[in-house]
Peer 1: 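Before I ask anything, let me first share the structure, which is written out below as structure tokens.
In what follows, every heavy atom counts, from backbone to side chain, and hydrogens, waters and symmetry copies are set aside. Index from 1, following the sequence. All ligand and atom numbering here is 1-based and tracks the order in the structure. Owing to the predicted nature of the structure, the values given are computational and were not obtained by experimental measurement.
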Amino acid sequence: MRVIAIDGPAGSGKSTVGRQLAARLELTYLDTGAMYRAVTFAAMRRGVDPSDEGPVAVVARDMDLSVDESGVMVDGVDATLEIRGSEVSRAVSQVAANPGVREEMRTRQRVWAAEHGGGVIEGRDIGSVGFPEAALKVYLTADPEVRAARRAKELTDADYDQVAADIAARDAQDSSRADSPLVEPDGAVTVDTTGLGIAAVVELIAGLVEERS
Ligand code: CDP
């Protein structure tokens, strides 16, 4: 099993880079952020308050979840668009801090990796906790203003100041939680994407993978 782990804060380019890198290396790709977003969506849909740790962990264990290139299905409902909305974005860090949720998602991620023989896996704790044995660990980062501008451009209904405030709040929560916080994993290569285009970042990481294989 060969895992390429990509971690980093909001808007650092993980998803776009991860997808293109996977295509280039002919590996499968897993967006673990979409999994935490899907748990948040499932809880809201069932009327469970995202701050209610026990019940939210039950939702995480019970829910039917599939995340792949074609989208995100939650309990038979297509949640691909809704998980990116501001309601889910504002509640997801609280759900992701829930140890019961994290344990369940890590188990599902390991099952996915075993079934696919590894792949490009992207998130916040992939190199540090989920897959510390990864063949390559990358920590993607960029200046906060650049990250906020990228995200504001992706979301048609959001203004820059609101997006910047939301991602700053999420980064603070993700970095300060007790269970598997966002960190630069030991042994990771840090890539600052502030002044780099997508193609250049993909090229750089593909080069690192080739060097190590
Ligand atoms: O918006 P962005 O693409 O940066 O976030 P995401 O990758 O969709 O992840 C959404 C949220 O899920 C993060 O803010 C974290 O709270 C959580 N997450 C996590 O805790 N662990 C992961 N491995 C991936 C995401």
Peer 1: May I ask you to identify, for Asp125, whether its side chain, its backbone, both or neither come under 4.0 Å of ligand 1 on a heavy-atom basis?
Peer 2: both
Peer 1: Looking at Val92, which atoms of ligand 1 are within less than 4.0 Å of one of its heavy atoms?
Peer 2: 11 (C), 12 (O)
Peer 1: When you measure from the heavy atoms of Met35 to every atom of ligand 1, does any distance fall below 4.0 Å?
Peer 2: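 No heavy atom of Met35 comes that close to ligand 1.
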Peer 1: At less than 4.0 angstrom from any non-hydrogen atom of Ala10, what atoms of ligand 1 do you find?
Peer 2: 4 (O)
Peer 1: Where do Ser128 and Val183 come nearest, in terms of heavy atoms and distance?
Peer 2: CB-CG2, 3.9 Å
Peer 1: Show me which atoms of ligand 1 lie under 4.0 Å from any heavy atom of Arg84.
Peer 2: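 Contacts of ligand 1 toward Arg84, numbered from 1: 8 (O).
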Peer 1: Do the charged groups of Glu82 and Arg37 touch, with an N to O distance under 4.0 Å?
Peer 2: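 Result for this pair is no, no salt bridge flagged.
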Peer 1: Does Glu145 offer a backbone N or O that forms a donor-acceptor pair with the side chain of Asp143 under 3.5 Å?
Peer 2: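 No; zero donor-acceptor contacts below 3.5 Å.
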Peer 1: Might you point out which heavy atoms bring Val39 and Val59 nearest each other, and give the distance in Å?
Peer 2: O-CG1, 4.4 Å
Peer 1: Is Asp174 paired with Arg124 through a side-chain N to carboxylate O contact shorter than 4.0 Å?
Peer 2: yes
Peer 1: Is Asp31 salt-bridged to Lys14, going by a charged N under 4.0 Å from an acidic O?
Peer 2: no
Peer 1: Counting from 1, what ligand 1 atoms have a heavy atom of Glu122 closer than 4.0 Å?
Peer 2: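 The atoms of ligand 1 under 4.0 Å from a heavy atom of Glu122 are 7 (O).
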Peer 1: Could you state whether Tyr29 and Ile126 fall into the same hydrophobic cluster, counting links through intermediate Ile, Leu, Val, Met, Phe, Trp or Tyr residues with side-chain heavy atoms under 4.5 angstrom apart?
Peer 2: no
Peer 1: Among all the protein's non-hydrogen atoms, which is closest to atom 21 (N) of ligand 1, and how far away is it?
Peer 2: Arg102 NH2, 3.0 Å
Peer 1: Considering non-hydrogen atoms of the protein only, which is the closest contact for atom 7 (O) of ligand 1, and what is the distance?
Peer 2: Arg124 NH1, 3.2 Å
Peer 1: Counting heavy atoms only, which of Ile121, Asp166, Asp31, Asp174 is nearest atom 14 (O) of ligand 1?
Peer 2: Asp174
Peer 1: Closer than 4.0 angstrom: is that true for some heavy atom of Met105 and an atom of ligand 1?
Peer 2: no
Peer 1: Can you pull out the closest protein heavy atom to atom 24 (C) of ligand 1? Residue, atom name and distance to 0.1 Å, please.
Peer 2: Thr32 OG1, 3.3 Å
Peer 1: Please say yes or no: joined through hydrophobic side-chain contacts below 4.5 Å, possibly via intermediate residues, are Met1 and Val138 part of one cluster?
Peer 2: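 Cluster IDs for Met1 and Val138 differ.
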Peer 1: Looking only at protein heavy atoms, which one is nearest to atom 17 (C) of ligand 1, and how far off is it?
Peer 2: Ala96 CB, 3.6 Å
Peer 1: Out of all atoms in ligand 1, which are within 4.0 Å of some heavy atom of Ser93? Include the element for each.
Peer 2: 14 (O), 16 (O)
Peer 1: Is a salt bridge present between Glu104 and Arg108, judged by a nitrogen-to-oxygen distance below 4.0 Å?
Peer 2: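 Salt bridge between Glu104 and Arg108, a charged N being under 4.0 Å from a carboxylate O: yes.
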Peer 1: What protein heavy atom sits nearest atom 3 (O) of ligand 1, and how far away is it?
Peer 2: Arg151 NH2, 3.4 Å
Peer 1: Flag the pair Arg90 and Asp166 as a salt bridge only when some basic side-chain nitrogen lies within less than 4.0 angstrom of an acidic carboxylate oxygen.
Peer 2: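 Salt bridge between Arg90 and Asp166, a charged N being under 4.0 Å from a carboxylate O: yes.
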Peer 1: Among Thr80, Val72, Thr32, find the residue that satisfies the side-chain contact (heavy atoms from CB on, under 4.5 Å) test when tested with Val67.
Peer 2: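 Considering Thr80, Val72, Thr32, a side-chain contact (heavy atoms from CB on, under 4.5 Å) with Val67 is found only for Val72.
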Peer 1: Can Arg106 and Glu103 be counted as an ion pair, charged N to O under 4.0 angstrom?
Peer 2: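 Not counted as a salt bridge, because no side-chain N and carboxylate O are separated by less than 4.0 Å.
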Peer 1: Any idea which atoms of ligand 1 are less than 4.0 Å away from a heavy-atom of Lys14?
Peer 2: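 Answer, ordered by atom number: 4 (O).
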Peer 1: For atom 25 (C) of ligand 1, what is the closest protein heavy atom, and at what distance to 0.1 Å?
Peer 2: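 For atom 25 (C) of ligand 1, the nearest protein heavy atom comes out as Gly33 CA, 3.5 Å.
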Peer 1: Of the protein's non-hydrogen atoms, which lies at the shortest distance from atom 8 (O) of ligand 1, and what is that distance?
Peer 2: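 Going by distance alone, atom 8 (O) of ligand 1 is nearest to Arg37 NE, 2.7 Å.
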Peer 1: Using heavy atoms and a 4.0 Å limit, tell me yes or no: is Arg177 in contact with ligand 1?
Peer 2: yes
Peer 1: Atom 10 (C) of ligand 1: which protein heavy atom is closest, and how many Å away?
Peer 2: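 Looking only at protein heavy atoms, the one closest to atom 10 (C) of ligand 1 is Arg170 NH1, 3.5 Å.
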Peer 1: Answer side chain, backbone, both or neither: which part of Arg106 comes under 4.0 Å from ligand 1, heavy atoms only.
Peer 2: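 Neither; no heavy atom under 4.0 Å.
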